[in-house]
Amino acid sequence: MRPFSALTLLIVIALTDCKSSSQPQPEQPQYSVPAEVESYIQSFRDEAKKRNNPVSTANLIVTFGTTQSEDVCGQCLLQTGKTPRITLSADSFCWQQVSQYERECLVFHELGHCLLGRLHKTDKFPNGAFVSLMNPDNVAVYATCRYPIGGDDCDKRTRRDYYIDELFDASTPAPAWGK
Ligand SMILES: [Zn+2]
C-alpha cells in the first residue's frame, strides 16, 4: 500500500503544479523554429503523413538555449493554454558535432513529448536495445549501431522505420532484430 500512496501523492502534486502555472489567457497558436531545425520538423511531418497521423506542427516554438541540466540535450515544456516549447542545447555533443541522425532522434524525442503526448519509456528488448525513442537515457537509438547481433542488424533504415513507427504508435510489435 505504502509505495502506491506515495506515488498517488506525487501525481496530485504534479497536477497541482500544472494548474498553478497555467494562465487563464490562452496563447494564440504560433510557429517559431530555427532554420537549422526546420528540416527535422519537416521530416517529422513527412513521417506523420506516411502513417496517416493527423498531428499538427502549427503551434510550436523551438529554441536553442540552456536546458534544466547539463546532461540533458533537449526538453519539452507543456503548459495548459500555451504553445508547446522545445529547448535544445547547442552543445557540441548535443548538436554541433553529432550526425544528422542523432539530431533527428533528439528532435523527434522532444516532439514525442510536446506534440504526441508521449512519456518516457525505459523498456528494453532482450538484446539490450531500447524499445522506444522515448527512453530518457539514449535517444540516438537508430543513429548508432550499439547492439550488433549480426546480419543486417545495423541497418539504420530498418531501425529508423521501427522507432518512428513506435513513436507514433506505442503498440507497434517488437521487430525481429530486438529478440
Ligand atoms: Zn524526454
Side-chain angles (χ1 to χ4, degrees), residues 7 10-11 13-19 21-22 31-34 36-48 51 53 55-125 128-147 156 159-172 174-175 178:
L7 183 67
L10 274 177
I11 291 167
I13 291 169
L15 287 175
T16 315
D17 249 16
C18 279
K19 267 197 176 147
S21 59
S22 70
Y31 183 80
S32 174
V33 171
E36 62 178 304
V37 181
E38 181 56 38
S39 64
Y40 302 103
I41 308 291
Q42 183 55 51
S43 171
F44 180 83
R45 288 186 201 108
D46 294 343
E47 298 300 331
R51 293 163 177 82
N53 189 301
V55 63
S56 167
T57 57
N59 190 29
L60 177 68
I61 296 173
V62 181
T63 53
F64 283 104
T66 309
T67 52
Q68 274 166 339
S69 108
E70 258 179 46
D71 58 350
V72 171
C73 286
Q75 67 190 42
C76 154
L77 182 64
L78 273 178
Q79 290 173 292
T80 311
K82 290 198 171 188
T83 299
R85 281 170 167 75
I86 292 174
T87 306
L88 300 173
S89 166
D91 280 359
S92 55
F93 67 91
C94 287
W95 192 267
Q96 301 298 348
Q97 286 175 7
V98 301
S99 71
Q100 66 172 77
Y101 278 111
E102 284 171 86
R103 292 180 182 180
E104 184 185 80
C105 285
L106 173 63
V107 172
F108 280 19
H109 175 98
E110 299 309 332
L111 290 171
H113 287 309
C114 260
L115 298 185
L116 299 173
R118 292 286 311 262
L119 301 174
H120 282 150
K121 187 171 173 180
T122 53
D123 310 28
K124 287 182 177 181
F125 289 127
F130 281 109
V131 163
S132 176
L133 184 51
M134 294 313 296
N135 82 78
D137 298 321
N138 173 24
V139 298
V141 282
Y142 54 81
T144 52
C145 294
R146 282 170 206 268
Y147 310 99
K156 280 184 181 140
R159 289 262 177 137
R160 183 176 180 276
D161 282 347
Y162 162 73
Y163 281 112
I164 297 177
D165 281 346
E166 198 281 338
L167 179 67
F168 286 104
D169 178 2
S171 67
T172 299

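Indexing begins at 1, ligand by ligand and atom by atom, following the structure's order. The chain is numbered in sequence order, starting from 1. Values reported hereafter were calculated over all heavy atoms of this structure, with side chains retained and with hydrogens, waters and symmetry mates removed.
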Using the ring pair (Phe, Tyr, Trp, His ring centres under 6.0 Å) rule, collect all pairs that involve residues 71-90, keeping only residues at least two apart or in two chains. none
State which residues pass ring pair (Phe, Tyr, Trp, His ring centres under 6.0 Å) with Tyr162; sequence neighbours excluded, sorted by chain then number. Phe125, Trp177
To the nearest 0.5 Å, what is the distance between CZ (Arg118) and OG (Ser132)? 4.5 Å
For Arg51, is there an ion pair with Asp165 - N to carboxylate O distance below 4.0 angstrom? yes
Are more than 12 heavy atoms from other residues, nucleotides or ligands located less than 6.0 Å from atom CD of Gln68? no
Which protein N, O or S atoms does the Zn ion (ligand 1) have within a distance shorter than 2.8 Å? His109 NE2, His113 NE2, His120 NE2
Test side-chain hydrogen bond (donor to acceptor under 3.5 Å, both in side chains) applied to Arg160 - qualifying residues, sequence neighbours left out: Ser43, Glu47, Glu104
